[in-house]
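Structure first, commentary second.
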Protein chains: 2
Amino acid sequence: MPKRRILPYVLLGLINNKGSLSGYQISQEFKNEIGEFWHASHSQIYPELARMKDDGWVDDEDDGKSTYYLVTDKGLKVLRSWMAEPLKDNEESFSLKLYFIRDEHDPLMKTLIEQELQINRDKYSHLEDRLKTVFVDDEQIRNNFGHYLILTRAIERERNHISWLEDKL
Amino acid sequence: MPKRRILPYVLLGLINNKGSLSGYQISQEFKNEIGEFWHASHSQIYPELARMKDDGWVDDEDDGKSTYYLVTDKGLKVLRSWMAEPLKDNEESFSLKLYFIRDEHDPLMKTLIEQELQINRDKYSHLEDRLKTVFVDDEQIRNNFGHYLILTRAIERERNHISWLEDKL
DNA sequence: CAGGACATGTAAACCGTTACATGATTAA
DNA sequence: TTAATCATGTAACGGTTTACATGTCCTG
């Protein structure tokens, strides 16, 4: 399977979050929190917006200074359908999709958190197994100390993430 | 500046950790913990190993079945020099470099943790500032609930990471 | 003896960054 | 008035993935 292009969904989500945005404004958005999970340079953004307009996902309004884009009904459907797709293994998708939820009571939120919880519980138990099988004795730890550290760190990170997710449910 | 190629350093670090590895074994390694931070497919690994051999970073030994690679003195210097470079903003480099530290008492460990701590304290205070400026009232939170969640989650993640780093020092 | 794992290699496609360009507006 | 920011666009380059290829070895 080809690597899933998610840039168009990110753009849809950003525009939808703010109501309307210009290409330049989108490029500025990536300096904020969204930039923790995704980034795109202006040379990607402008052509992508043009393609999205061709596909009828967005409309544009030009005020003479900038071209502002708005999500169409079709675009909103595309966005929601992407957001409703089951999460894959990567945490970025979870964060991105969560970021694009505006309404406190959107039912998608619970689904997302439950999916992420499942993924992370599996990962957690996998990491614990690895710790037990790879580091059977102290010598293993002493001779691969960095590996030991990042593994225990990963376990602690998962634990922290899981308890946050449980708390939000 | 061109995007820094770190694949050769990752290969050096992996081979150095295990003593010797074949291309195939390296591709399998990415299924383990290292895969959390970096991945490469075999179509990248084999040509890269050939280049590294040309550059004298590794030697190879063929047992008829597989070609095993070993880090040369020159390769070890290259690896250590990369590991000693100041960390940039991304956590992957920290994890990778830590992973490549075998000896519990390697002085590089303290330096790495201190650098990572500095980076994360800065990030933490930046995120706290963002929270204060973006979410000034409850209405902001209600209307951008996903954004609010991922921001508070990011803050909690940093807090957890920072206290782990402090603990290890 | 067939299917899966081992083992290595190259070519094409894809996606993203950097660099190259241009011009308007605004603040020092 | 000049440097920075706003604003948009395209071309070249580079790194990674996917697909195409091939052959061996081992296990059920």
Side-chain angles (χ1 to χ4, degrees), chain A residues 1-12 14-15 18 20-32 34-55 58-70 82 88-90 92-93 96, chain B residues 1-12 14-15 18 20-32 34-55 58-70 82 88-90 92-93 96:
Chain A
M1 56 202 153
K3 189 178 179 178
R4 199 54 196 290
R5 260 179 72 74
I6 72 172
L7 178 61
Y9 305 108
V10 174
L11 300 190
L12 277 179
L14 279 173
I15 298 166
K18 301 282 173 178
S20 90
L21 286 173
S22 67
Y24 185 78
Q25 285 176 319
I26 290 172
S27 71
Q28 299 305 299
E29 278 295 309
F30 287 114
K31 292 180 179 167
N32 299 335
I34 185 81
E36 303 266 322
F37 317 113
W38 201 262
H39 184 262
S41 44
H42 78 271
S43 59
Q44 260 189 300
I45 295 168
Y46 291 113
E48 191 63 50
L49 286 170
R51 244 169 281 144
M52 287 162 71
K53 204 205 157 193
D54 279 352
D55 293 346
V58 290
D59 273 339
D60 60 354
E61 275 175 3
D62 199 308
D63 72 349
K65 260 189 184 176
S66 295
T67 307
Y68 294 92
Y69 292 85
L70 298 96
W82 171 72
K88 299 280 175 277
D89 54 321
N90 63 96
E92 272 129 41
S93 287
L96 279 174
Chain B
M1 55 202 151
K3 189 179 178 178
R4 196 56 195 289
R5 262 178 71 74
I6 72 171
L7 177 62
Y9 304 109
V10 174
L11 300 191
L12 277 178
L14 279 173
I15 298 168
K18 302 283 172 177
S20 90
L21 286 173
S22 68
Y24 185 78
Q25 285 176 320
I26 291 172
S27 73
Q28 298 305 301
E29 278 295 308
F30 287 114
K31 292 179 179 166
N32 299 335
I34 185 82
E36 302 265 323
F37 317 114
W38 201 262
H39 183 263
S41 44
H42 78 272
S43 60
Q44 258 190 302
I45 294 168
Y46 292 112
E48 190 63 49
L49 286 170
R51 244 170 281 143
M52 286 161 71
K53 203 204 156 194
D54 280 352
D55 293 346
V58 290
D59 273 339
D60 61 355
E61 274 176 4
D62 198 309
D63 72 349
K65 260 191 184 176
S66 295
T67 308
Y68 295 92
Y69 292 85
L70 298 96
W82 171 70
K88 297 281 173 278
D89 54 321
N90 64 95
E92 274 129 40
S93 287
L96 280 174

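Letters A, B, ... mirror the listed sequences (proteins, then strands); counts begin at 1.
Counting heavy-atom neighbours within 6.0 Å of B/Gln28 CD, excluding the residue itself, gives a total above 12.
In this structure, B/Lys65 reaches the D/dC26 phosphate: one of its side-chain N or O atoms is under 4.0 Å from OP1 or OP2. Proximity of B/Tyr24 to the phosphate of C/dT8: no side-chain N or O atom is located under 4.0 Å from OP1 or OP2.
Contact annotation: the side chain of A/Gln25 never approaches that of A/Lys18 to less than 4.5 Å [non-hydrogen atoms, C-beta and beyond]. Considering only heavy atoms from C-beta on, A/Thr67 stays 4.5 Å or farther from A/Leu49 through its side chain. By the 4.5 Å heavy-atom criterion applied to side chains, B/Phe30 and B/Ile45 are counted as neighbours. Here the side chains of B/Val10 and B/Phe37 are not in contact, with every heavy-atom distance at 4.5 Å or above.
At whole-Å resolution of the value, CZ in B/Arg5 and C1' in D/dG14 are 9 Å apart. Residue B/Gln25 contributes atom CD, which lies 10 Å from atom P of C/dC6 at whole-angstrom precision. One interatomic measurement links the two molecules: CD of B/Gln28 to P of C/dG4, which rounds to 16 Å at whole-angstrom precision. Nucleotide C/dA7 holds its P atom 13 Å from the CD atom of B/Glu29, rounded to whole Å. One can place NZ of A/Lys31 at 11 Å from C1' of D/dC6, the figure rounded to the nearest angstrom. What separates CG of A/Leu11 from C1' of C/dG16 is a distance of 13 Å, to the nearest Å. One atom, CG of A/Asp63, and another, C1' of D/dC6, lie 12 Å apart when rounded to the nearest Å. Rounding to whole angstrom units, CD1 of residue B/Ile6 and C1' of D/dG15 are separated by 12 Å.
Within 4.0 Å of B/His39, counting heavy atoms only, lie sugar-phosphate atoms of the nucleic acid but no base atom. Residue A/Ser41 is classed as a base contact, given a heavy-atom separation below 4.0 Å to a base.
Here the OH-OG distance, from A/Tyr46 to A/Ser22, works out to 6.0 Å after rounding to the nearest 0.5 Å. Here A/Tyr68 contributes atom OH and A/Asp60 contributes atom CG; the two are 12.5 Å apart, rounded to the nearest 0.5 Å.
Of the residues in residues 43-52 of chain A, those placing a heavy atom less than 4.0 Å from an atom of DNA chain D are A/Ser43, A/Tyr46, in numerical order.
Closest contact between the side chain of A/Thr67 and the listed nucleotides D/dT8, D/dT16, C/dT8 involves D/dT8.
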